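Below: one structure, written as structure tokens.
Quantities reported herein were computed from a predicted structural model and do not represent experimental measurements.
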Amino acid sequence: MSQEEDYVLLESSDGYTFVVSRKIAEASGTLKSMLDEEANFEEAKNKTCKIQQRGVILLKVIEYLAYKVQYAEFNAEDIKEDFSDRIDPYIALELLTAADFLEA
């Protein structure tokens, strides 16, 4: 199975599990390091990363990583959709903290 067809599991602190393509997960610098097979981390062997964030926050981070991968080849002025419109103000600070940790 190629890297693009490979999937990993992301587990939240409140028990939610998300199946995500490796390509999308590796858009995060932290997850990319965790899943690097040469680094011999347990996460790379199990293809499972436990993230100390609530499921709703992890879901929004995954949504952003997918957005980031989808628009990676576009110029900023060509992107018509602004991701910030999708962020609920009630989770903004917690989301910012998660994104900072995950280098998203």
Side-chain angles (χ1 to χ4, degrees):
M1 196 179 282
S2 74
Q3 289 283 83
E4 286 193 19
E5 297 172 359
D6 199 12
Y7 289 88
V8 297
L9 296 176
L10 302 180
E11 295 179 2
S12 68
S13 61
D14 54 355
Y16 291 94
T17 302
F18 302 94
V19 179
V20 180
S21 80
R22 180 179 286 270
K23 181 178 180 180
I24 290 173
E26 288 185 348
S28 156
T30 302
L31 294 177
K32 185 175 184 174
S33 295
M34 292 169 82
L35 295 168
D36 183 9
E37 293 175 4
E38 293 179 9
N40 287 327
F41 289 123
E42 194 66 30
E43 291 86 356
K45 293 176 188 171
N46 297 333
K47 294 184 183 180
T48 302
C49 297
K50 294 182 181 181
I51 309 299
Q52 294 302 313
Q53 296 291 334
R54 295 183 305 138
V56 66
I57 300 300
L58 185 55
L59 178 60
K60 191 56 76 171
V61 169
I62 293 167
E63 184 181 340
Y64 172 72
L65 293 173
Y67 174 90
K68 183 177 174 181
V69 169
Q70 178 182 357
Y71 290 109
E73 303 297 320
F74 286 75
N75 292 323
E77 58 272 355
D78 294 337
I79 300 173
K80 304 292 185 216
E81 180 183 12
D82 186 8
F83 190 81
S84 64
D85 294 339
R86 300 183 190 181
I87 298 172
D88 184 346
Y90 294 107
I91 65 167
L93 184 59
E94 195 174 356
L95 185 59
L96 181 63
T97 305
D100 182 50
F101 170 74
L102 294 170
E103 300 173 23

Is there a side-chain contact between Asp100 and Leu96, using heavy atoms and a 4.5 Å cut-off? no

Can you check whether Val8 reaches Leu35 side chain to side chain, under 4.5 Å on heavy atoms? yes

How long is the span from the SG atom in Cys49 to the CD atom in Glu43, to the nearest 0.5 Å? 5.5 Å

Reported CD-to-CG distance for the pair Gln52 and Asp14, which is rounded to 0.5 angstrom: 10.0 Å

Counting C-beta onward and ignoring hydrogens, is there a side-chain heavy-atom pair between Gln53 and Glu94 closer than 4.5 Å? yes

Is Phe101 linked to Phe41 within one hydrophobic cluster, defined over Ile, Leu, Val, Met, Phe, Trp and Tyr using a side-chain heavy-atom separation of less than 4.5 Å? no

Treating Asp36 as the side-chain partner and Glu38 as the backbone partner, does any N or O pair qualify as donor plus acceptor under 3.5 Å? yes

Does the side chain to side chain contact (heavy atoms under 4.5 Å, CB included) test come out yes or no for Ile51 and Ile57, once each step is laid out? CA-CA 10 Å; Ile51 309 299; Ile57 300 300; over 6 Å; no

So how far is it from Ile62 CD1 to Ile24 CD1, rounded to the nearest 0.5 Å? 9.0 Å

Within the distance-only criterion (no hydrogens, no angle test), does the side chain of Thr48 pair as donor or acceptor with the backbone N or O of Asn46 below 3.5 angstrom? yes

Is the shortest side-chain heavy-atom distance between Leu59 and Phe18 below 4.5 Å? yes

Spell out, as yes or no, whether a donor-acceptor pair under 3.5 Å connects the side chain of Ser21 to the backbone of Tyr7. no

Ignoring hydrogens and angles, tell me if any N or O in the side chain of Lys60 forms a donor-acceptor pair with the backbone of Ile87 under 3.5 Å. no

Is Leu31 close to Val20 at the side-chain level, that is, under 4.5 Å between some pair of heavy atoms? no

Residues Asp6, Lys47: salt bridge by 4.0 Å N-O rule: yes

Rounded to the nearest 0.5 Å, how far does NZ of Lys32 lie from CD of Glu26? 6.0 Å

How close do Lys68 and Glu103 get, heavy atom to heavy atom, and via which atoms? NZ-O, 4.3 Å

Using side-chain heavy atoms (C-beta onward) and a distance below 4.5 Å, is Ser12 in contact with Arg54? no

Quick check for you: to the nearest 0.5 Å, what is the distance between Thr17 atom OG1 and Lys50 atom NZ? 9.0 Å

